Amino acid sequence: MRKKLMAGNWKMNKLISELSLFFNDFAKDLKLQKGSKIENVDIVFAVPFLQLAEAKKLAEPYGFEIAAQNVHFEPSGAFTGEISIGMLKEIGIMKTLVGHSERRQFFGETDESVAKKVSVCLKSGITPIACVGETKEERVSGKTENVLTAQMMAIMNMIDNPTGLVIAYEPVWAIGTGLTATDDQAAEAHRFIRKLIRDKYGSLADELRILYGGSAKPSNIAGLLSKQDIDGGLVGGASLAPSDFASMVRSAM
Ligand code: PGA
């Protein structure tokens, strides 16, 4: 039985000075005290690098985990503006998004760089939440499965054992647009991704969590989570408001 995972992706939002109020309100909405924890759902927030340390301090007492939004695949060196796995680990950050479509679209990430990052994360004991998904043109021209196959194969060709990997299926046309994939469209893509994983790793595929992302919100999350292969959400806009995200976490509980 896969434990549900609800991850907020804050993107380039929120100041350090706003964190305390957010986590207090979010915990209050979920009726959580410090030292208590929601047992049947993992709750993660992927926050900007500068917010990681403070967010961790404020979120951990309630059992929420903090993740980075990106990481470099080299351990150190002349990579101005980048952050290494060692730097994340030094402050106790053990999860990161990898290959979000905004990184692919605006910052030149490729299937190859994403695969390298996933591979070094797994080797270093960091949980990568690797994002895949097709654009609108790719979907309308019937190429969704080809794109997902290429993105997944790039990753799978670089790893022997996928244990610990989390996949986020995020159709690019649904991200930040208000257009959510229907429950059935999402379920079909998730089933397809799990089949690709099963073809390579057998029954290990049944242990990996596949999250849905793309305009997920309180009004549509329950339907998405009711589908067999959807193990949680990667939530952008709706994770910025404590009450919205708390309501989505309740749907996963
Ligand atoms: P959205 O973003 O929920 O605002 O569509 C999801 C994401 O990009 O992870």
Side-chain angles (χ1 to χ4, degrees), residues 4-14 18 22 26 41-49 51-52 55 64-71 93 95-109 111 114 117-118 121 127-139 144 147-148 151-152 155 165-183 185-187 189-190 193 209-225 227 230-252:
K4 292 271 189 290
L5 167 55
M6 293 298 290
N9 174 11
W10 281 359
K11 310 191 180 190
M12 196 173 72
N13 291 293
K14 294 202 188 290
E18 296 170 311
F22 178 92
F26 181 68
V41 182
D42 287 332
I43 302 173
V44 175
F45 291 90
V47 308
F49 287 130
Q51 271 81 338
L52 287 168
F64 314 141
E65 280 180 274
I66 300 299
Q69 297 177 1
N70 183 31
V71 73
I93 299 298
K95 285 188 163 58
T96 183
L97 303 184
V98 174
H100 187 278
S101 68
E102 285 148 21
R103 304 276 339 151
R104 294 176 187 256
Q105 214 178 329
F106 305 129
F107 302 99
E109 289 257 9
D111 287 351
V114 172
K117 290 178 178 195
V118 170
C121 280
T127 299
I129 303 175
C131 305
V132 297
E134 79 288 357
T135 62
K136 181 152 189 247
E137 298 80 67
E138 289 162 346
R139 176 161 281 266
T144 298
V147 172
L148 294 177
Q151 292 173 336
M152 288 300 302
I155 293 171
L165 173 63
V166 177
I167 298 290
Y169 168 63
E170 298 208 306
V172 179
W173 49 272
I175 295 178
T177 58
L179 296 171
T180 321
T182 64
D183 299 348
Q185 279 172 328
H190 281 236
I193 291 168
R209 292 184 284 190
I210 307 178
L211 315 181
Y212 169 81
S215 298
K217 46 186 181 260
S219 59
N220 60 26
I221 193 72
L224 290 159
L225 292 176
K227 297 292 179 183
I230 303 185
D231 306 311
L234 180 55
V235 183
S239 74
L240 296 172
S243 58
D244 284 350
F245 196 50
S247 137
M248 297 174 81
V249 167
R250 270 193 298 276
S251 294

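Read the numbers this way: they start at 1 and go in the same order the structure lists the ligands and their atoms. This is a predicted model, so every value here is computed, not measured.
Under the 3.5 Å distance criterion, the side-chain polar atoms of Q51 are matched with a main-chain donor or acceptor of K14.
Between T96 and N70 the shortest heavy-atom distance is OG1-N, 3.3 Å.
For ligand 1, the protein residues placed under 4.0 Å by at least one non-hydrogen atom are N9, K11, H100, E170, A174, I175, G176, G214, S215, L234, V235, G236, G237.
Applying the side-chain hydrogen bond (donor to acceptor under 3.5 Å, both in side chains) definition to pairs two or more places apart or across chains, those involving residues 240-250 are D29-R250.
For F245, the ring pair (Phe, Tyr, Trp, His ring centres under 6.0 Å) partners two or more places apart in sequence, or in a different chain, are F26, F45. Under the salt bridge (Lys or Arg N to Asp or Glu O under 4.0 Å) criterion, D111 pairs with R104, sequence neighbours left out.
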Check against side chain to side chain donor-acceptor pair (under 3.5 Å), E137 and W173: CA-CA 9 Å; E137 298 80 67; W173 49 272; over 6 Å; no
